[in-house]
Each structure stands twice: as C-alpha cells, then as structure tokens.
Amino acid sequence: MNSEEWVKYLAEAADDKKAQDLVILKMKGISIMADYFIICHGDSEKQVQAISTALKKTAETKGLTVHRMEGYDKARWVLIDMGDIVAHVFHRDERDYYQLEKLWGDAPLYTLEKKPL
C-alpha cells in the first residue's frame, strides 16, 4: 500500500470508533514530518483511547510500523507516528485550543467523503 491508501484505511479505522470531525491534511511539500496528518477528536478520554488503540492495532495488523505513540495515558492529545502518516487524536477541548488545521492552513484538507487525496 502507498501512503495515500494507508491514510484512507487508517481514517476509516478511526471513523469506525466514532472519531469526530475527522480530517486528513496532505502535508507533502509542506512539512518534512509526514506526508499526511490524520486529525480527529473524541468526546471523552475513553473514546480518545479507543480511537488511538484502533489506529495502532490497524496499522500493526497490516504491517505498518508504529514508531511512537505519545499521550495515551492522559488521553488529551495522542500522537501516533507511523512514518509517512501521523495521527493526532484529541480530546474535544484540546482540539479546540490547538487548532492544528489552522496552524497548517496551507495544507490541502480532506475528509472521508471528499475524494480524491
């Protein structure tokens, strides 16, 4: 699978756990950190953890290496580094505060319904 296929697959895994306001930012040519960011939030710490666990397990089950996962215990902002794809799973309050979509406002923004990447 290429990065574009992976990001769609992972976004669907987050969506299956009822991730809220899920967006994908295409970071190619904008940032050297990753090709794609997945950004979403949950309404409780348990939901943030469920979404994060689903992303990690989905990646590992299909052979994608999870390099790092930070913030899981507090479940306010969980960062999952999968190389070309970085997922940011926020608690609603933190997402409103940090507004990553605005920070990377020059990146093309996609949802699961808006295709293609």
Using a 4.5 Å cut-off on heavy atoms from C-beta on, say whether the side chain of Asp35 contacts that of Met27. no

Salt bridge check: are Glu45 and Arg76 linked by an N-O gap of less than 4.0 Å? yes

If hydrophobic clusters are built from ILVMFWY residues whose side chains come within less than 4.5 Å, do Leu103 and Ile30 share one? yes

Pairwise side-chain contact, Arg95 with Asp21, heavy-atom cut-off 4.5 Å (strictly under): yes

For the atom pair CD1 (Ile80) and CD (Glu70), what is the distance rounded to the nearest 0.5 Å? 11.0 Å

Considering all heavy atoms of both residues, which atom of Met82 and which atom of Val66 are nearest to each other, and what is their separation? CG-CG2, 4.0 Å

Please find the pair of heavy atoms, one from Met33 and one from Trp104, that lie closest to each other, and give the distance. CE-CZ2, 3.4 Å

Pairwise side-chain contact, Leu10 with Leu64, heavy-atom cut-off 4.5 Å (strictly under): yes

Of Lys57, Lys62, Lys56, which is the lone residue that meets side chain to side chain donor-acceptor pair (under 3.5 Å) with Glu60? Lys56

One should read off an interatomic distance between Glu4 CD and Asp84 CG, to the nearest 0.5 angstrom, of 12.5 Å

Under a 4.0 Å N-O cut-off, is there an ion pair linking Lys8 with Glu12? no

Within-4.5 Å side-chain heavy-atom neighbours: Lys17 and Gln47: no

Lys28 NZ: over 12 foreign heavy atoms closer than 6.0 Å: yes

Taking all non-hydrogen atoms of both residues into account, name the closest pair between Leu55 and Ala87 and its distance. CD1-CB, 3.8 Å

Arg68 side, atom CZ; Asp81 side, atom CG - distance, nearest 0.5 Å: 8.0 Å

Take Thr53 and Tyr72 through the test side-chain contact (heavy atoms from CB on, under 4.5 Å) and record every step on the way to the result. CA-CA 9 Å; Thr53 298; Tyr72 183 84; 3.0 Å; yes

Looking only at heavy atoms, the pair that brings Leu112 and Ala11 closest together is CD2-CB, 3.5 Å

Can you find a pair of side-chain heavy atoms, one from Val78 and one from Met69, that are under 4.5 Å apart? yes

Restricting to ring-ring contact (aromatic ring centres under 6.0 Å, His included), what partner residues turn up for Trp77, sequence neighbours left out? His88, Phe90, Tyr98

Do you know which two heavy atoms are closest between Leu22 and Ala19, and how far apart they sit? CD1-CB, 4.0 Å

Taking all non-hydrogen atoms of both residues, which atom of Ala59 and which atom of Trp6 are closest, and how far apart? O-CH2, 4.4 Å

Roughly how far, to the nearest 0.5 Å, is CD1 of Ile24 from NZ of Lys26? 11.0 Å

